[in-house]
Number of protein chains: 4
Amino acid sequence: MPSPTFLALPADRRDRLVREAITEFSERPYAEASLSQIAQRAQIAKGSIYQYFDDKLDLYRWLLTDEAPRHKRAFLGTPDPAGDFWAGFETMIERGMAFLVEHPRLARLTAAAADPSATPDVRGLHKAICEAGIDELRAQLARGVATGAIAHPDLDLDIATRLVAAIIGPGLTDVVLQELGASLHEVLASDTLRKRLGPARRRRLAHQAVLLIQGGLGAARRPLRRKART
Amino acid sequence: MPSPTFLALPADRRDRLVREAITEFSERPYAEASLSQIAQRAQIAKGSIYQYFDDKLDLYRWLLTDEAPRHKRAFLGTPDPAGDFWAGFETMIERGMAFLVEHPRLARLTAAAADPSATPDVRGLHKAICEAGIDELRAQLARGVATGAIAHPDLDLDIATRLVAAIIGPGLTDVVLQELGASLHEVLASDTLRKRLGPARRRRLAHQAVLLIQGGLGAARRPLRRKART
Amino acid sequence: MPSPTFLALPADRRDRLVREAITEFSERPYAEASLSQIAQRAQIAKGSIYQYFDDKLDLYRWLLTDEAPRHKRAFLGTPDPAGDFWAGFETMIERGMAFLVEHPRLARLTAAAADPSATPDVRGLHKAICEAGIDELRAQLARGVATGAIAHPDLDLDIATRLVAAIIGPGLTDVVLQELGASLHEVLASDTLRKRLGPARRRRLAHQAVLLIQGGLGAARRPLRRKART
Amino acid sequence: MPSPTFLALPADRRDRLVREAITEFSERPYAEASLSQIAQRAQIAKGSIYQYFDDKLDLYRWLLTDEAPRHKRAFLGTPDPAGDFWAGFETMIERGMAFLVEHPRLARLTAAAADPSATPDVRGLHKAICEAGIDELRAQLARGVATGAIAHPDLDLDIATRLVAAIIGPGLTDVVLQELGASLHEVLASDTLRKRLGPARRRRLAHQAVLLIQGGLGAARRPLRRKART
DNA sequence: TATGAATGAGTTTTCATTCAT
DNA sequence: AATGAATGAAAACTCATTCAT
């Protein structure tokens, strides 16, 4: 948790630090990320960072649990709980891919949370983040069940949630990267790649994902409008 | 590639080294794993490791591309290509979970290949492994399509393969760990946990996964009854 | 190039480091000189050296191209270009020997630049230094030619410069050491030896050198009388 | 000193070891030369080297004090003590340059003996070699004095010997390398360079050197026939 | 006698963290 | 509050030398 000093920092100074920290942590594994680099690039004394955060992990934690989620939420917007469940689901997936494309560094930071290696401290952190995501997804699926959009006789909600999370998490990320013909690192380096995964393409991918999930979750097969069958 | 010297090592010495190396690399991300630690715990001179392997990466690569796959293949056995597609698929998944439970350190090592952080050299290594796995799965699914077991009108085999891989990879791992009520690291520490995910439970989980996948891939819905309900 | 940090160091600390570095590099060939030793003897943390210099070579380069020449220039003073050529030449040689006797460690450092072994990086460094010395000497001899002090019918200035450089460089150093009845290393160890090569003796040696050079370069033979024969 | 075992070795095996040892020691400074490299390239077990020589230094010493001088002597032939002194001197110098050009690795090994850095053990070795060379040259110059070929009123034979040694040692080597437009290391690498310093060119350089020395040593100026003045 | 695996001390280098200014 | 110099533990890696076979 950042110190009050940090929170009261002039926006410019604060932003410089945050920006460079995100860059550094998104480009190298935690162990190899260097506070010296961050300090130097942000034009901030190394000692100052230690006045804002307890240590390297504290800074990383804050980025992962506060800064990144805040941006992500702002980007995704709030889903409309009233609309059609599957349409909403598909939109959510599409927005997720858009986030990956538009904010690759933040997305990368978040993706790192899935890394099952990592040192104990970092692992705890990652686990917390993952579970939060799972909880959110479970609630959403529960809504689907409640509205009848999901209706599989044998469904175990907990298990299904985790499997679906894998699809829309690592699964779709993998697909996107495959589409880009690049590794995440190369995406970070070149902004031009972003153009290669425009909204239309993203919608198609989201649709494929929903198709798989929908079938698996026992939804009626037909309602799949949009560019699908007609 | 290990030197002939290494391959000709007395079993005891060799095993000590391999064991401790797997432990180290499965407990920390590559960047944080320490050859000194490995040497010390294996009771082997640091210099000796450098007679067996070119460097840290060479040892890691060998574990990841030779040692782990060899054990995994031996454990999984060869699937029967003649039998029912979905039954075979379900078995494969069950064996995968069994491997995770019986050889958690090796499973963990393999899982690390999904780590999207890592330094360029390591990433290259990981990517190669992942793609190999994807290729294998794609071939398997293609067989399903050929036999009619998979029959979805809109199916894009490439995309589907990656999404299915996410389900049976990170997805099921996550589920298993949830079942164990523990993180992979805790599993590594305590062998007794293994008992909590016996064959029956594993079969049930595998079934749930196949359910999701099967529905998503447009297979006929009924045949899903095998060892399930009845 | 040393960092600003280094240049702003408290004199005491800075001197300790410089002194021990010169000692180390003057006592062993570059490859065998150890930063750990320097740090330990200078009572400075190993890490600190890396805040002052990029690496081992950077420190060595600075000593060789900045520190040593600065001291040498300060010691030698500026020669009087107006005076008699050969008298000036003889003085220069005498001062060179005096430097060797008074600052043996620095002289030794400079002499090391003649080492034809060494690793490519170091060789490049050495070569640059040698060529700079040669250029300076060539200019000086050219002045002698211009003033008529040097007048040999067959003279090839480039070749002559290099041969003369050998005389006043390795040649005289060798003579001096012979006089001292010791190797340079023993000179380094015992300051008392310095007394055995006082100004008078040095002048005599310088005279012998000039004698050889002068004859070889075709100067008129007579004017050689100064403090020599009476 | 090599063990009897070594001396009794089959020529082939012995030669392989000697050849690779010379190569290694002529390409890197003593500290960086690697016995492992030598053993590997010579196809001889590392342990065997320790049966032939006490240690790294022992091997190096033998090369420097036995092997290299033997070859050099064989190459130079015995000078004719009866002929004209200066003509003989010039021939000696020319042969020395020829040796440098024809056997660069051996020459390089010998040149290293001039390196004033080096660790105490190595230094002692170098010093002994140098003094041997000096003694030989002094004897030769003494012969010149006896025959009247050298006749300088103020001559100090000891000093003169050392200065002349500097000319025909480091001095001429330097000139030769300058002629070749290359560093000694580059000479080692490319045999084609040898052609650029053929006998004619070498004679001219030798002549220039003798010119300088002769004048300096007070010889009569005229007898310098050959391509000199006419 | 020949072998080459094993050893471990020693090297350069990095970096999170502290603390005096 | 901000600074950035100082620190030292730890890492990867090398290589002369030993010694059991």
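Just so it is clear: chains get the letters A, B, ... in the order the sequence lines come, proteins before strands, and each one is counted from 1.
- D:Glu20 meets the side-chain hydrogen bond (donor to acceptor under 3.5 Å, both in side chains) test with no other residue; sequence neighbours excluded.
- Legend: salt bridge (charged side-chain N to carboxylate O under 4.0 Å, His left out) pairs involving residues 44-55 of chain A, not counting sequence neighbours: none detected.
- For A:Ile129, the side chain to side chain contact (heavy atoms under 4.5 Å, CB included) criterion is met by A:Leu64, A:Thr65, A:Ala113, not counting sequence neighbours.
- Proximity of residues 41-51 of chain C to DNA chain F (heavy atom under 4.0 angstrom from any strand atom) is restricted to C:Ala45, C:Lys46, C:Gly47, C:Ser48, C:Gln51.
- Residues from residues 53-62 of chain C placing a heavy atom under 4.0 Å of any atom in DNA chain E, listed by number, are C:Asp55, C:Lys56.
- The stretch residues 1-22 of chain B does not touch DNA chain F, since none of its heavy atoms comes less than 4.0 Å from the strand.
- For D:Gln37, the side chain to side chain contact (heavy atoms under 4.5 Å, CB included) partners two or more places apart in sequence, or in a different chain, are D:Glu24, D:Ser34, D:Arg41.
- D:Ala33 comes within 4.0 angstrom of the backbone, heavy atoms only, and of no base.
- When DNA chain F is scanned 5' to 3' for any atom under 4.0 Å from a heavy atom of chain D, the first and last hits are F:dA16 to F:dT18.
- Residue contacts shown for C:Ala31 are absent, as no nucleic acid heavy atom lies under 4.0 Å away.
- The side chain of C:Ser34 contributes an N or O atom lying less than 4.0 Å from OP1 or OP2 of E:dT12.
- Remark: A:Tyr50 engages no residue in a side-chain hydrogen bond (donor to acceptor under 3.5 Å, both in side chains) (not counting sequence neighbours).
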Return all side-chain donor-acceptor pairs below 3.5 angstrom for residues 6-16 of chain C, not counting sequence neighbours, or 'none' if the list is empty.
residue: C:Asp12; atom: OD2; partner: C:Arg16; partner atom: NH1; Å: 3.0
residue: C:Arg13; atom: NE; partner: C:Tyr52; partner atom: OH; Å: 3.0
residue: C:Arg13; atom: NH2; partner: C:Ser48; partner atom: OG; Å: 3.3
residue: C:Arg13; atom: NH2; partner: C:Tyr52; partner atom: OH; Å: 3.2
residue: C:Arg16; atom: NE; partner: C:Ala42; partner atom: O; Å: 2.9
residue: C:Arg16; atom: NH2; partner: C:Ala42; partner atom: O; Å: 3.4

Starting at the 5' end of DNA chain F, what dot-bracket string do you get if Watson-Crick and G-U pairs under 3.5 Å are bracketed, crossing pairs use [ ], other-strand pairs use | and unpaired bases use dots? .||||||||||||||||||||
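- C:Glu32 is linked by a side-chain hydrogen bond (donor to acceptor under 3.5 Å, both in side chains) to D:Thr119, counting only residues two or more places apart in sequence or in another chain.
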